[in-house]
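Everything below concerns the one structure shown next.
Numbering of ligands and ligand atoms starts at 1, following listing order. Excluded from the calculations below are hydrogen atoms, water molecules and symmetry mates; all remaining heavy atoms, backbone and side chain alike, are included.
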Amino acid sequence: KKRIAILTSGGDSCGMNPAIRAFTRAALIKGAQVFAVREGYNGLVTDSIIPLHWGSVAGIINRGGTIIGTARSVEFRTREGRKKAAFNLIKNKINNLLVIGGDGSLTGANLLRCEWASLLKELVEDKAIDEETFKTHETLGIVGLVGSIDNDMCGTEITIGADTACHRILEAIDAILSTAVSHQRSFVIEVMGRNCGWLALVSGLTTGADYILLPECPPEEGWENAMVESLEKGRLSGRRCSLVIVAEGSIDSNGKPISPGYVRDVLEKKAGHDARITILGHVQRGGIPSFCDRYVSTRMAVEAVNYLYNGNILEPVLIGMHGNRVVRAPLMEAVKETQAIGALIREKKFADVVKLRGGIFQE
Ligand code: F6P
């Protein structure tokens, strides 16, 4: 009988709960024993692992966040922390793990998988486990689902929570625009996304923003004038408000962060606009999961169970969506590609970043 644990890690996202529900129930139907690791990797390090039953996940399909808790674990980033995690997995006889989290959390899952054999050897040397236990736990099945509002992970076209975050942003911007129009004001809105501009780009497209600032395409020197010009064009054609969306990781061509305050000052000084800032913050991560997030997370979670039962668990995978199909991608490759994008941003190789991000960024 498989003993499978689920953990959610990193920033929460709407759709994590529907994924927990679908995974638990699909695994129970297959005959597995299912466990929740509480508070992300911290729960692995501290042995906070509880059984999940059919009823444990009732009534959560329409709830945001994650009922099993999440955290950004500092201890799990150390080898000592991962050794404790390995010990606790073995102690609870868990041989399969579903991790729902962002790129950092899935990088952690990949690392645990890569170090698994050597961690077990150390535990035998420490006499924490015996040879027999070592043999029965030689493999750890790992499967990842990308839970993040940022939509910044390779291996999937959409991450769990990104769609709901877009709904939150759109609702907020629509509300702001109604007051902006009355006062003929300009608004500078900061949206989340860490180093990824996806949320800013797609929300800009769907709210009719005048100007969008993204980490992937830093504007060229003198961009301030180009921005003012583009806003003025709108005003001249009768628009009674202006909207600039700033992704939180936005930088200029020298790599210097662009703050919403700076953009507001430019609009006031260069265009003489009455400008205001709204930083949307964690509103974007909360609320009720959208149809899309319930739908994709449920499909992905069922596929994760299928993989643990029928796939080659020696090769950890990430379950993603591609062209409305649920797909499996090697976890290691998805992690490597995602990290490569981060490195390219740091090296200011923006054309390569756009190529790797693909999709809407390239269009
Ligand atoms: O990764 C999700 C995210 O919401 C990012 O968009 C944001 O930069 C970060 O998490 C905020 O983290 P925290 O909730 O720890 O402040």
Side-chain angles (χ1 to χ4, degrees), residues 7-17 19 39-43 64-77 99-110 144-173 188-204 212-216 245-251 257-261 277-290 292-293 296-297 318 320 334-335 337-339 341-342 345-346 353 357 360-361:
L7 71 81
T8 47
S9 164
D12 68 344
S13 67
C14 283
M16 281 182 166
N17 275 334
E39 322 305 341
Y41 288 111
N42 282 345
T66 159
I67 57 158
I68 60 176
T70 184
R72 301 189 196 279
S73 173
V74 177
E75 216 182 338
F76 188 76
R77 284 197 206 131
V99 177
I100 312 174
D103 61 338
S105 309
L106 295 172
T107 303
N110 190 46
L145 300 188
V146 197
S148 167
I149 64 165
D150 302 340
N151 203 21
D152 58 349
M153 182 93 194
C154 298
T156 184
E157 280 175 358
I158 192 83
T159 59
I160 295 171
D163 180 68
T164 308
C166 287
H167 281 279
R168 292 296 98 81
I169 296 171
L170 263 52
E171 282 158 17
I173 293 182
V188 182
I189 314 268
E190 184 190 273
V191 302
M192 278 187 169
R194 210 179 283 276
N195 292 318
C196 180
W198 188 84
L199 285 174
L201 183 54
V202 300
S203 59
I212 309 171
L213 289 153
L214 306 172
E216 292 86 350
I245 298 188
V246 185
E248 67 176 347
S250 295
I251 46 176
I258 300 176
S259 72
I277 298 172
T278 302
I279 295 177
L280 293 181
H282 289 79
V283 155
Q284 297 161 92
R285 286 222 312 247
I288 293 171
S290 66
C292 184
D293 277 321
V296 297
S297 60
L318 178 146
V335 164
E337 244 184 81
T338 308
Q339 285 174 340
I341 294 180
I345 291 182
R346 285 191 295 278
V353 173
R357 284 250 195 266
I360 186 77
F361 285 94

- prompt: Under 4.0 Å between a Lys/Arg side-chain N and an Asp/Glu carboxylate O for E248 and R194?
  reply: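 The answer is no: the pair does not qualify as a salt bridge.
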message: Take a 6.0 Å sphere around CD1 of I288 and say whether it holds more than 12 heavy atoms from other residues, nucleotides or ligands.
response: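 No, not enclosed.
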message: So which atom in R357 and which in N195 form the shortest heavy-atom distance, rounded to 0.1 Å?
response: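 In this case the closest contact between R357 and N195 is NH2-O, 3.3 Å.
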field: Nearest heavy atoms of A334 and L318, plus distance in Å
entry: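 Closest approach of A334 to L318: CB-CD1, 3.9 Å.
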task: Give every residue pair that meets the salt bridge (charged side-chain N to carboxylate O under 4.0 Å, His left out) criterion with at least one member in residues 153-173, sequence neighbours excluded.
output: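 As it turns out, the salt bridge (charged side-chain N to carboxylate O under 4.0 Å, His left out) pairs with a partner in residues 153-173, which skip direct neighbours, are R168-E171.
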Side chain proximity check, Y41 to L7, heavy atoms < 4.5 angstrom: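 Yes, their side chains come closer than 4.5 Å.
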task: For ligand 1, list the protein residues that place a heavy atom within a distance below 4.0 Å of one of its atoms, sorted by chain and number.
output: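 Residues R72, I149, D150, M192, G193, R194, E248, H282, R285 each place a heavy atom under 4.0 Å from ligand 1, listed by chain and number.
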